[in-house]
Amino acid sequence: MTTTIQRANQEFAERLSKLRHDIRTPVGHIIGYAEMIEEDLPPELLKSFSGDLQAIQNAGQRMLALVEDHLGATKETIEEINVSEAQFQFRLQLNHVNGYAEIIFEEAVETDNEELTSDLRHITAAARVALELADNIPGALLSRRCSDTPKPASIENGTVEREPALVTSQIGQGGEIIVVDDDPANRELLARRVKRMGYSAKTVASGEEALVLLETERFDLILLDYMMPGLSGLETLQKLKNSARLRTIPVIMLSASDDISKMVDCILHGAEDYIFKPFNPILLQARISACLEKVRLRQNVSRQFRLFISSPGDVIPERRVAKAVIGRLNEEFFGRAFLIPILWEEEPLLASETFQAQIHPPRETEIYVGILWSRIGSPLPESIVRPDGTRYESGTAFEFEDALEGFKDVGSPDMLIYRKQGAPTLSLQDRDMVLDRLDQIDRLNAYLDRWLIGEDGSYVGAFHNFETEDQLETMLELHLRKLVEARLSDGPAKERISGIVDEAGNTRTAD
C-alpha cells in the first residue's frame with residue numbers, strides 16, 4: 001500500500017514539474033520577443049510603445065510568479081492547488097499580453113514593418129500555447145502517465161493569421177456574442193472589434209429582434225445599447241431578466257451618454273457591467289473577459305451532473321436535440337446546477353485504443369441517456385469482456401450494462417432509455433446493406449427484450465418511444481428537469497430507482 005502511495009506521489013510530482021516547464025516555455029517566448037522588439041524598434045516607435053512593451057513583459061513576469069505560487073514543488077496533490085484561481089490569474093495576464101500586442105500590431109501593419117509583425121505573431125502564438133496549457137491544468141495533473149499530457153501547439157511551425165487572433169474567446173464560458181444596437185456603424189464597429197478579440201458575433205438592430213433571435217439561438221454574452229427606438233435597452237434588459245431561460249445570460253450595457261445614473265439603473269436591473277461610447281478596445285476586451293469569467297466561476301460552484309449520452313451512429317439528429325436541451329436546462333438551472341454532456345464524437349479519442357477503453361465510464365456519471373433506433377453496433381474486442389468472460393454485443397451493450405451495474409451498486413446513474421420508431425431509409429439497390437440493417441435491428445430488439453421484458457412477456461424495465469425529434473425534445477427536457485430537481489432536493493433514493501422512467505413519468509426497476 002505504501003509503495004503504491006509513494007509511486008502515485010512521485011508520478012504527480014513528475015507531472016507537476018513537467019507542467020511548470022511547459023508553461024514557462026511559452027511565457028519565456030513572450031518576454032523574450034517583447035525584449036527584442038524593444039531593443040530593435042526605432043526611437044520614434046519606441047517612444048510610442050515602450051509602455052505597451054513593458055506591460056507585456058510585466059505580464060510575463062507575473063505569469064512566471066504564478067507558476068511558482070500555484071504550481072510549485074511544495075504541492076503534493078491536486079487538492080492543494082486552487083485550479084480555478086490559477087486559471088483565472090493566467091488568463092488575466094494573457095489578456096494583457098494580447099491587448100497590448102494588438103495595439104502595437106495595428107501600427108506595424110500601417111508602417112509595413114515585417115520584422116515587428118513577425119515578432120508580434122510569435123508573442124500571440126506563445127500566448128495561445130500558454131492559455132492551452134493553463135486551461136488543461138486538471139487534465140495534465142490527472143493523466144495516468146506524463147506522456148498522456150496533450151502536447152501544446154508548436155509556436156515555430158504553426159501558421160499565424162495576418163492579424164493576431166486573441167485568445168479572449170477561451171476566457172470565460174464560450175465565445176458567442178450578440179450585439180444589439182440601432183446604429184449600423186456602431187454594429188459594424190463593435191462586431192469587427194469583437195471578432196478581432198477572437199469571439200463570434202451576430203448583430204441585430206433592435207431589442208425586439210434580439211429577443212426573437214434568443215428564442216432559437218444561444219449566446220454567451222449580450223452587448224446591449226441603452227438608447228434605441230422602440231424597445232429601449234433598459235426595457236430589453238428587463239424582459240431578459242424576467243425570462244426564466246434568458247435571465248442567466250450576462251448583459252453589458254453600452255451608452256454614448258455619460259449619465260452614470262442610467263448605467264447604475266441598468267446594474268440594479270441585472271446588467272453585469274457597462275461601457276461608455278466611444279469605447280476603449282482594451283477596456284472592452286477586459287470587461288467582456290471578466291464578465292464571462294464570472295459566468296464560468298459561477299458554473300464551477302454549481303452542482304455539476306455528468307450526463308452520458310449513449311447513441312449509435314444512426315441517431316445523429318437526436319444527439320443534436322439532446323445538446324440543445326442540455327443548453328436550455330443549463331440556462332434554466334444557472335447557479336444551481338450545470339449539466340456536462342459526454343458524447344463520443346466530442347471526446348479526443350486516440351487510435352491506439354478502443355472508444356470504450358477511453359470514455360468516461362457510464363457508471364461514474366449521474367445520468368445515463370440511451371437513444372436507440374436501428375443499430376446496436378459491432379461486438380467489442382476480447383480485451384473488453386463482462387465479468388463472466390463473455391464479449392459485449394456492442395458498445396451500446398457495454399454502456400447500458402456499465403450504467404446499470406453502477407445503479408445496482410450505488411444507486412447512480414439515473415437511467416433513461418428512448419427508442420425511435422419507424423424504419424431507416426435505405427436504398428434497395430444495395431441488398432447487403434439492407435440485410436445488414438435488418439440484422440442490426442433484430443439484434444438490438446433481442447438485446448433490449450432480454451433486459452426489459454420478462455419471460456412471461458411483462459415489462460421489467462421501462463423506456464420511451466418517440467417518432468419525431470420534437471417528441472424526443474419535449475420528453476427529454478421534461479425528464480431531465482425532473483431528475484435534476486430531484487437530485488438538487490436530495491429526494492429519497494427510492495424516488496429515483498433505476499431512473500428508467502416510463503411514459504407516464506413513473507419509475508420502474510430494471511432488474
Side-chain angles (χ1 to χ4, degrees), residues 15-39 41 46 48-75 78 80-105 119-141 149 152-153 155 164-173 197-198 273 280-294 296-297 300:
R15 289 193 291 269
L16 189 58
S17 175
K18 183 177 187 300
L19 180 59
R20 288 196 299 271
H21 171 272
D22 288 345
I23 294 179
R24 287 189 187 119
T25 299
V27 172
H29 292 164
I30 291 171
I31 296 172
Y33 280 113
E35 290 173 344
M36 285 191 292
I37 291 173
E38 193 171 27
E39 293 170 1
L41 274 182
L46 181 60
S48 299
F49 299 123
S50 61
D52 300 324
L53 289 167
Q54 190 59 53
I56 292 174
Q57 294 176 54
N58 290 344
Q61 294 294 344
R62 281 192 285 269
M63 280 189 282
L64 292 178
L66 288 171
V67 170
E68 294 305 316
D69 291 343
H70 291 281
L71 305 172
T74 58
K75 309 293 185 182
I78 194 170
E80 295 179 30
I81 299 174
N82 188 334
V83 174
S84 295
E85 178 63 16
Q87 291 175 324
F88 172 78
Q89 294 296 336
F90 275 115
R91 291 177 182 124
L92 187 63
Q93 300 308 321
L94 289 167
N95 202 29
H96 293 325
V97 169
N98 281 285
Y100 286 107
E102 183 182 28
I103 293 174
I104 305 172
F105 193 90
D119 288 344
L120 288 168
R121 285 173 176 166
H122 281 296
I123 289 175
T124 54
R128 287 194 206 97
V129 174
L131 178 62
E132 179 184 350
L133 290 163
D135 279 347
N136 192 52
I137 287 175
L141 296 181
T149 305
I155 297 175
L166 304 185
V167 296
T168 318
S169 63
Q170 299 178 49
I171 298 176
Q173 188 65 37
M197 293 176 183
D273 211 331
N280 179 298
I282 299 298
L283 178 61
L284 176 67
Q285 181 174 353
R287 293 282 174 87
I288 290 175
S289 62
C291 188
L292 293 180
E293 183 65 20
K294 289 179 185 178
R296 187 189 65 81
L297 291 175
N300 282 347

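For this chain, numbers begin at 1 and follow the sequence in order.
Annotation for G60 and I31: closest pair C-CD1, 3.6 Å, computed over non-hydrogen atoms. R15 approaches A140 most closely through the heavy-atom pair CD-O, 3.3 Å. Heavy-atom minimum distance, Q57 versus E38: NE2-OE1, 2.9 Å.
To the nearest 0.5 angstrom, L120 atom CG is 8.0 Å from L53 atom CG. To the nearest 0.5 angstrom, I137 atom CD1 is 9.0 Å from H70 atom NE2. Atoms NZ and CG, on K75 and L19 in that order, are 13.0 Å from each other to the nearest 0.5 Å. Between the OG1 atom in T124 and the CG atom in D119 there is a gap of 10.5 Å [rounded to 0.5 Å]. Of the inter-residue distances, the one linking I104 atom CD1 with D52 atom CG reads 5.0 Å to the nearest 0.5 angstrom. For the atom pair NE2 of H96 and CD1 of I30, the computed distance is 12.5 Å after rounding to the nearest 0.5 Å.
Contact check for I23 versus L66: no side-chain heavy atoms found under the 4.5 Å cut-off. Annotation: side chain of M63 is in contact with side chain of V97 (closest heavy-atom distance under 4.5 Å). For the pair I56 and I37, the minimum side-chain heavy-atom distance is 4.5 Å or more.
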Verdict with reasoning, F49 to I103, per side-chain contact (heavy atoms from CB on, under 4.5 Å)
CA-CA 9 Å; F49 299 123; I103 293 174; 4.2 Å; yes
Stepwise side-chain contact (heavy atoms from CB on, under 4.5 Å) check, T25 with V129:
CA-CA 9 Å; T25 299; V129 174; over 6 Å; no
Evaluate the criterion side-chain contact (heavy atoms from CB on, under 4.5 Å) for residue pair Q93 and V27; output intermediate values, then yes/no.
CA-CA 11 Å; Q93 300 308 321; V27 172; over 6 Å; no
Could you walk me through whether S289 and N95 satisfy the side-chain contact (heavy atoms from CB on, under 4.5 Å) test, starting with their C-alpha distance in whole Å, then the side-chain angles of each, then the deciding distance to 0.1 Å, before giving a yes or no?
CA-CA 8 Å; S289 62; N95 202 29; 3.0 Å; yes
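Under a 3.5 Å cut-off, the side chain of Q87 and the backbone N or O of D135 do form a donor-acceptor pair.
Within 6.0 Å of the OH atom in Y100, the count of heavy atoms belonging to other residues, nucleotides or ligands does not exceed 12.
Using a 30° and 60° split on the angle between ring planes, Y33 and H29 fall in the perpendicular class, above 60°.
For the 3.5 Å distance criterion, the side chains of Q54 and N58 qualify, holding a donor opposite an acceptor. For the 3.5 Å distance criterion, the side chains of Q89 and E85 qualify, holding a donor opposite an acceptor.
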